[in-house]
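One structure is given below, encoded as structure tokens.
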Amino acid sequence: MEKNVFERIYDVVEHVPRGKVATYGQIAALVGNPRLARVVGYALHVNPRPGTIPCHRIVTRFGFPASGFAFGGPDCQRQMLEAEGVLAEKDGHIDLTKYGWNGKDE
DNA sequence: CTCTTGACCATGT
DNA sequence: AACATGGCCAAGA
């Protein structure tokens, strides 16, 4: 009995440690298929559990907030990340080389 | 019930 | 190296 893709996505997203960011592809890869990135975006789009699912920690693989981010605005996301301890670059993108979650809690 | 779109990423030309 | 298309899963019309 395998859980639905959504369940896995939420599980992985919630497992993202504070102070780090994960990319859609990373989540999708951990879920099982790196091509499921679209479903990951859709899963967060519905966001059935706001507050439980840190959508602000999920960015594209370039470190930029995804298009159409409709939970407060891209600036709001940067504020959240800074509050988490993730400092964004001057370009507004996140340094995935340092803050990019490896899929393991340190 | 079938087709299209969707917070994306990877591969092919 | 850059542009275009494919692919996966799910939900809306």
Side-chain angles (χ1 to χ4, degrees):
Chain A
M1 172 57 184
E2 298 296 317
K3 291 183 180 178
N4 290 355
V5 193
F6 271 52
E7 296 285 310
R8 305 187 207 182
I9 292 167
Y10 300 140
D11 185 56
V12 175
V13 173
E14 290 181 67
H15 283 168
V16 175
R18 172 171 168 272
K20 286 187 178 177
V21 293
T23 69
Y24 292 97
Q26 191 67 62
I27 300 295
L30 294 172
V31 164
N33 277 345
R35 303 281 164 36
L36 290 180
R38 304 176 70 157
V39 187
V40 175
Y42 203 77
L44 296 177
H45 172 56
V46 290
N47 202 357
R49 285 293 165 195
T52 312
I53 303 172
C55 342
H56 56 274
R57 287 184 199 159
I58 314 304
V59 293
T60 63
R61 67 176 195 76
F62 290 103
F64 284 101
S67 326
F69 225 95
F71 80 97
D75 294 296
C76 183
Q77 198 208 32
R78 190 180 66 188
Q79 295 296 324
M80 286 172 144
L81 292 173
E82 288 186 35
E84 296 281 291
V86 180
L87 304 185
E89 292 298 305
K90 199 172 182 184
D91 298 310
H93 89 275
I94 311 299
D95 190 343
L96 299 173
T97 311
K98 297 181 181 196
Y99 300 107
W101 183 42
N102 300 296
K104 301 185 295 281
D105 188 353
E106 294 285 302

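Because the structure is a prediction, the values reported are computed rather than measured. Convention: sequence-line order gives letters A, B, ...; per-chain numbering from 1.
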For the C1' atoms, the ones on B:dA7 and on C:dC3, what distance do you get once it is rounded to whole angstrom? 23 Å
Residue list, ring-ring contact (aromatic ring centres under 6.0 Å, His included) with A:Phe62, at least two apart or on another chain: none
Taken to the nearest 0.5 Å, the spacing of A:Gln77 CD from A:Phe64 CZ works out to 11.5 Å
How would you list, by chain and number, every residue that makes a ring-ring contact (aromatic ring centres under 6.0 Å, His included) with A:His45, sequence neighbours excluded? A:Tyr42
Rounded distance (Å) that lies between atom P of C:dC9 and atom CD1 of A:Ile27: 18 Å
Tell me the closest heavy-atom pair linking A:Gln26 and A:Trp101, and the distance in Å. CG-O, 4.1 Å
Gap between atoms CZ and C1', on A:Arg57 and B:dA7 respectively (whole Å): 17 Å
Using a heavy-atom distance cut-off of less than 4.0 Å, which residues of residues 36-48 of chain A contact DNA chain B? A:Ala37, A:Arg38, A:Gly41, A:Leu44, A:His45
A:Thr52 vs A:Glu14 side-chain heavy atoms within contact, under 4.5 Å: yes
Measure the spacing between CD of A:Glu89 and CZ of A:Arg78 and express it to the nearest 0.5 Å. 11.5 Å
Mind calculating the distance between CD1 (A:Ile9) and P (B:dC9) to the nearest angstrom? 13 Å
Nearest whole angstrom, please: distance from the C1' of C:dG6 to the CG of A:Asn33. 14 Å
Under 3.5 Å between N/O atoms: give me all the protein pairs with nucleotides 3-5 of chain C, atom names plus distance.
none

What are the atom names and distances for every N/O pair under 3.5 Å that joins the protein to nucleotides 10-13 of chain B?
unit_1, atom_1, unit_2, atom_2, d
B:dA10, O4', A:Arg35, NE, 3.3
B:dA10, O4', A:Arg35, NH2, 3.2
B:dA10, O3', A:Arg35, NH2, 3.3

Nearest-0.5 Å distance, CG of residue A:Leu44 to CD1 of residue A:Ile9: 7.0 Å
Rounding to an integer number of Å, can you tell me how far A:Tyr10 OH sits from C:dC9 C1'? 12 Å
Less than 4.5 Å apart, any side-chain heavy atom of A:Leu96 and any of A:Val59? yes
Rounded to the nearest 0.5 Å, the CZ atom of A:Arg8 sits from the CG atom of A:Leu36 at a distance of 8.5 Å
Compare every heavy atom of A:Ala88 with every heavy atom of A:Ile94, then report the nearest pair and how far apart it is. CD1-CB, 3.6 Å
Using the ring-ring contact (aromatic ring centres under 6.0 Å, His included) criterion, which residues pair with A:Phe6? Sequence neighbours excluded. A:Tyr10
